[in-house]
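Read the structure below first, then the notes.
Note on naming: letters A, B, ... go to the chains in the order of the sequence lines (proteins, then strands), and numbering restarts at 1 for each one. Computed over heavy atoms, backbone and side chain alike; hydrogens, waters and symmetry mates excluded.
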Number of protein chains: 2
Amino acid sequence: MARVGLTTERLVRAGAELADEVGFDQVTVSELARRFDVKVASLYSHLKNSQDLKTKIALLALEELADRAADALAGRAGKDALAAFANVYRDYAREHPGRYAAAQTRLDPATAAASAGVRHAQMTRAILRGYDLTEPDQTHAVRLLGSVFHGYVSLEMGGGFSHSAPDTQETWSRILEALDALLRHWPAP
Amino acid sequence: MARVGLTTERLVRAGAELADEVGFDQVTVSELARRFDVKVASLYSHLKNSQDLKTKIALLALEELADRAADALAGRAGKDALAAFANVYRDYAREHPGRYAAAQTRLDPATAAASAGVRHAQMTRAILRGYDLTEPDQTHAVRLLGSVFHGYVSLEMGGGFSHSAPDTQETWSRILEALDALLRHWPAP
DNA sequence: CTGATTTGCCTAAAGGTGTTAGGTAAATGC
DNA sequence: GCATTTACCTAACACCTTTAGGCAAATCAG
C-alpha cells in the first residue's frame with residue numbers, strides 16, 4: 001500500500017492540467033484518481049467534494065491570470081498598458097483553455113471577495129488612470145473593458161469567429177485601437 | 001401503460017424550461033423523464049442522447065433570440081437599432097438564463113451553419129449599415145459588438161458587476177452610447 | 001529502537017446519470 | 001377485426017459521486 005503523496009495542492013494542479021486537456025467540465029474526481037493511480041475515495045481526504053475541486057481550480061486560474069497581468073502592466077501606461085493587459089487574457093485563454101473556463105465559474109460572494117478577482121478589477125482601474133475618466137465613468141469603462149475582453153476571448157475560443165476573413169489577430173488589434181480611441185474620447189451622457 | 005404523448009418537440013421545450021429553472025448544465029435526461037412521469041429509457045426513442053437534447057435546446061434558443069432580434073430591428077436604424085438589438089440579448093438572458101447559456105454552447109460547424117446563428121450575424125451587419133464602415137472594418141465591428149453584448153450579459157448574469165454602484169442599467173446605457181459614438185467615428189488603422 | 005498515534009490510502013456500498021437491448025400493449029391502417 | 005407500427009416499459013451495464021469504516025505506513029515519545 002505504497003503512499004503516493006497526495007496533497008490538495010498537487011490535486012488542484014493536476015486538475016488544472018486535466019481541465020486544459022479535456023475541458024473544464026470534463027474534470028472529474030474519478031479521472032484525477034486514475035491519473036494518480038489511486039482509488040477515488042482517497043481523494044476525499046484532500047478535497048471536500050467535486051465542487052470543491054472545481055472551485056480551487058478556478059481560484060488557481062484567477063491567481064495565475066492576475067500574476068501575469070501584474071507582470072504585463074509593470075512599467076506600462078495608456079494604450080500600451082491596455083494592449084498588454086488584454087493580451088494576457090487572450091494568451092492565457094489560448095494556452096490554458098480549461099483554466100480560463102474555470103476562471104469564469106461563478107463563485108459565491110465570500111469566495112469571490114477573497115479571490116484574485118479583486119486584483120483584476122484593481123488593475124483594470126489602474127489602466128484607466130492613463131485616461132481622463134472620473135467616476136462614475138471609470139466604473140462604466142471598467143465594465144466595458146471586462147465585457148470586451150471576456151466576450152471576445154470566449155467567442156474566439158468557442159469558434160464564433162472561425163474560418164472567416166479577416167483573421168482574428170487583425171480584428172483583435174483593431175478592437176484594441178478602437179477601445180483606446182474610445183477611452184480617449186469618452187462621450188458625455 | 002397509458003401513453004403520455006412524448007415528442008422530440010415537447011421534450012426540447014420542457015428541457016428549455018428546465019434549463020431556465022435549474023441551469024443549463026443541470027439539464028438531465030433523468031430529470032426530464034421525471035417531469036413527464038415516464039421512465040428514462042422512454043426518452044431515447046425521441047432523443048439520440050443527452051448531448052442531442054442539449055444541442056436541440058441550444059438551437060431553439062438561437063431561433064427564439066433571432067426572432068426577437070428581427071422583431072426589434074424592424075423599422076429601426078442607427079443607434080436606435082443598436083440599442084434595440086442589444087436589449088434583446090440582455091432581456092432574453094434575464095428572462096431565460098438557461099436558454100441563453102444554451103445558446104452559447106459550441107456547435108459543430110455543420111450544425112452551426114444550419115442554425116439561426118447566421119441570422120444573428122446578418123442582423124448585426126444590418127445594424128452596421130447605419131454607420132459608415134466598409135470591409136474589413138465592418139467585420140471587425142461585428143466581432144466587437146458580439147463581444148461586448150455577450151461579454152456584458154454573461155458577466156452581469158454571473159454576478160460580476162453585482163452589488164457595486166453605479167447600477168448596471170446606467171452602465172449598460174452608457175456603453176451603448178459609447179459604442180454608437182465609436183461606430184460613428186471608427187478609427188483608421 | 002520500540003510502541004503508540006496519526007494519517008494516507010484502501011475496500012465496500014449506496015445512490016444518481018447515461019445508454020442499449022429487447023418486450024408488451026396501445027394506436028394506426030387495411 | 002386483424003396486422004403492423006410505435007410508444008413506453010423492464011432489465012442490465014457502465015461510470016461518477018460520496019460516505020463509512022479498516023489496515024498499514026509514517027511519525028513521534030520515551
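Rounded to whole Å, the distance from CZ on Arg3(B) to P on dC8(D) is 6 Å. In this structure, Leu11(B) places its CG atom 12 Å from C1' of dA7(D), rounding to the nearest Å. Between Leu32(A) atom CG and dC9(C) atom P there is a gap of 13 Å when expressed in whole angstrom units. Rounded to a whole Å, the CG atom of Leu43(B) is 12 Å from the P atom of dT17(C). Rounded to a whole Å, the NZ atom of Lys54(B) is 15 Å from the C1' atom of dT19(C). Rounded to an integer number of Å, the gap from OH of Tyr44(A) to P of dA14(C) is 18 Å. Taking atom CG on Asn49(B) and atom C1' on dG18(C), their separation rounds to 9 Å, with Å as the unit. Glu31(B) places its CD atom 16 Å from the C1' atom of dG15(C), with the value rounded to the nearest Å.
Residue Ser50(A) places at least one side-chain N or O closer than 4.0 Å to OP1 or OP2 of dT17(D). Residue His46(B) places none of its side-chain N or O atoms closer than 4.0 Å to OP1 or OP2 of dT6(D). Residue Arg34(B) has a polar side-chain atom (N or O) positioned under 4.0 Å from OP1 or OP2 of dT17(C). OP1 or OP2 of dT17(D) has at least one side-chain nitrogen or oxygen of Ser30(A) nearer than 4.0 Å.
In this structure, Thr28(A) reaches the sugar-phosphate backbone alone: every heavy-atom distance under 4.0 Å involves primed, P, OP1 or OP2 atoms, never a base. Within 4.0 Å (heavy atoms only), Val4(B) reaches sugar-phosphate atoms of the nucleic acid but no base atom.
Ion pairing of Glu17(B) with Arg35(B) is absent here, as no side-chain N (NZ or NE/NH1/NH2) approaches a carboxylate O to less than 4.0 Å. A salt bridge does not link Lys54(A) with Asp25(A): none of the charged nitrogens is closer than 4.0 Å to a carboxylate oxygen. Salt bridge present: Glu135(B) and Arg125(B) bring a charged side-chain N and a carboxylate O closer than 4.0 Å.
Separation of atoms CZ (Phe161(B)) and CG (Leu155(B)) is listed at 4.5 Å; rounding is to 0.5 Å.
When side chains are defined from C-beta on, Thr105(A) does not count as touching Thr55(A), because their heavy atoms never get closer than 4.5 Å.
Considering only side-chain atoms of Lys39(B), the nucleotide from dC9(D), dT18(D), dT11(C) that sits closest is dC9(D). Comparing atom distances between the Ala41(A) side chain and each of dT11(C), dT19(C), dT17(D) picks out dT11(C) as nearest. The side chain of Ser42(A) has dC9(C) as its nearest neighbour among dC9(C), dT19(C), dC9(D).
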